[in-house]
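Accompanying notes for the structure given below.
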Amino acid sequence: MRYRAEVEEIIKPLTLSNEQLGEIEALLLKSFNDGLRKDTNPVAPVKMFPTFVRDVPDGKEKYAEGKYMALDLGGTNFRVLLLELNADQIHLDSEVYAVPESIMHGTGDQVCSLIKL
């Protein structure tokens with residue numbers, strides 16, 4: 001506690017006002033919207049791709065037969081799914097791996113080494 005005033009003085013220039021935070025919020029929102037728009041996406045500073053689900057399956061879907069892999073790297077788990085689609089059946093295999101604490105707090109290279117196949 002004895003250094004509190006000194007620390008507060010040092011970080012004072014890093015403190016943002018509500019007005020500055022509002023400006024940052026507006027710039028981020030504009031960047032996100034530019035990233036979503038087809039005409040501005042190529043030059044947008046933040047690339048955004050609309051990946052939301054637009055409809056639910058109705059049973060009439062057509063798919064290409066074959067094997068498909070999905071990888072989901074969350075904060076604590078790495079999920080690997082292998083989906084095999086055939087004419088009359090669907091087969092799913094999945095595995096969940098715990099992400100070690102050292103990798104959670106490590107470098108991007110360490111994270112990538114976890115998912116190398």
Side-chain angles (χ1 to χ4, degrees):
M1 290 285 221
R2 72 180 215 200
Y3 296 109
R4 183 180 179 114
E6 290 175 42
V7 170
E8 286 181 3
E9 189 62 32
I10 291 169
I11 66 170
K12 194 175 194 177
L14 303 174
T15 304
L16 300 174
S17 68
N18 285 341
E19 182 180 337
Q20 290 169 312
L21 288 171
E23 290 172 13
I24 292 169
E25 179 185 9
L27 288 171
L28 276 171
L29 186 58
K30 182 184 181 323
S31 295
F32 295 160
N33 287 327
D34 286 349
L36 284 168
R37 290 183 39 213
K38 190 175 189 177
D39 59 322
T40 55
N41 178 277
V43 296
V46 178
K47 304 297 186 209
M48 303 282 284
F49 300 100
T51 59
F52 50 85
V53 176
R54 298 186 311 198
D55 210 346
V56 295
D58 64 5
K60 299 176 190 170
E61 295 76 27
K62 302 280 186 221
Y63 57 83
E65 291 187 17
K67 292 183 179 182
Y68 299 87
M69 180 177 278
L71 306 175
D72 174 22
L73 179 59
T76 58
N77 291 309
F78 177 49
R79 292 173 187 80
V80 179
L81 293 95
L82 179 62
L83 183 66
E84 188 169 354
L85 304 177
N86 295 313
D88 58 346
Q89 64 182 15
I90 297 172
H91 181 74
L92 175 68
D93 283 324
S94 66
E95 293 286 336
V96 178
Y97 302 93
V99 176
E101 186 83 19
S102 60
I103 291 179
M104 277 188 238
H105 301 287
T107 66
D109 287 338
Q110 289 171 311
V111 172
C112 289
S113 71
L114 176 72
I115 61 175
K116 285 184 182 174
L117 300 177

Quiz item: What distance separates D34 CG from L36 CG, expressed to the nearest 0.5 Å?
Solution: 9.0 Å
Quiz item: Do I90 and Y68 share a hydrophobic cluster, counting only Ile, Leu, Val, Met, Phe, Trp and Tyr and linking them when any side-chain heavy atoms are less than 4.5 Å apart?
Solution: yes
Exercise. Using the side-chain hydrogen bond (donor to acceptor under 3.5 Å, both in side chains) rule, collect all pairs that involve residues 38-47, keeping only residues at least two apart or in two chains.
Key: R37-D39
Quiz item: Is a side-chain N or O of E6 found less than 3.5 angstrom from the main chain of Y3, in a donor-acceptor match?
Solution: no
Please set out all donor-acceptor pairs under 3.5 angstrom arising from side-chain atoms of residues 94-106, sequence neighbours excluded.
from, atom 1, to, atom 2, distance (Å)
E101, OE2, H105, NE2, 2.8

Quiz item: Can you tell me if Q110 uses its side chain to pair, donor with acceptor, with the backbone of T107 under 3.5 Å?
Solution: yes
Quiz item: Looking at E8 and K12, does any basic side-chain N land under 4.0 Å from a carboxylate oxygen?
Solution: no
Quiz item: If you round to the nearest 0.5 Å, how far is CE of M69 from CG of L83?
Solution: 11.0 Å
Hey, can you pull the donor-acceptor pairs under 3.5 Å for the side chains in residues 73-82, sequence neighbours left out?
from, atom 1, to, atom 2, distance (Å)
R79, NH1, D72, OD2, 3.4

Quiz prompt | Hydrophobic cluster identity match, F32 and L21, side-chain contacts under 4.5 Å | solution = yes
Practice problem: For the residue pair L16 and I24, establish whether any side-chain heavy-atom pair is separated by less than 4.5 Å. | Solution: yes
Self-check item: Check: K60 main-chain N/O paired with D58 side-chain donor or acceptor under 3.5 Å
Solution: yes
Quiz prompt | From E23 atom CD to L28 atom CG, the distance as rounded to the nearest 0.5 Å | solution = 12.0 Å
Self-check item: Crowding at CD, E19 (>12 non-hydrogen neighbours, <6.0 Å)
Solution: no
Quiz item: Between NZ of K67 and CG of L85, what distance do you get to the nearest 0.5 Å?
Solution: 11.5 Å
Practice problem: Find the distance between CD (E9) and CZ (R4) and round it off to the nearest 0.5 Å. | Solution: 13.5 Å
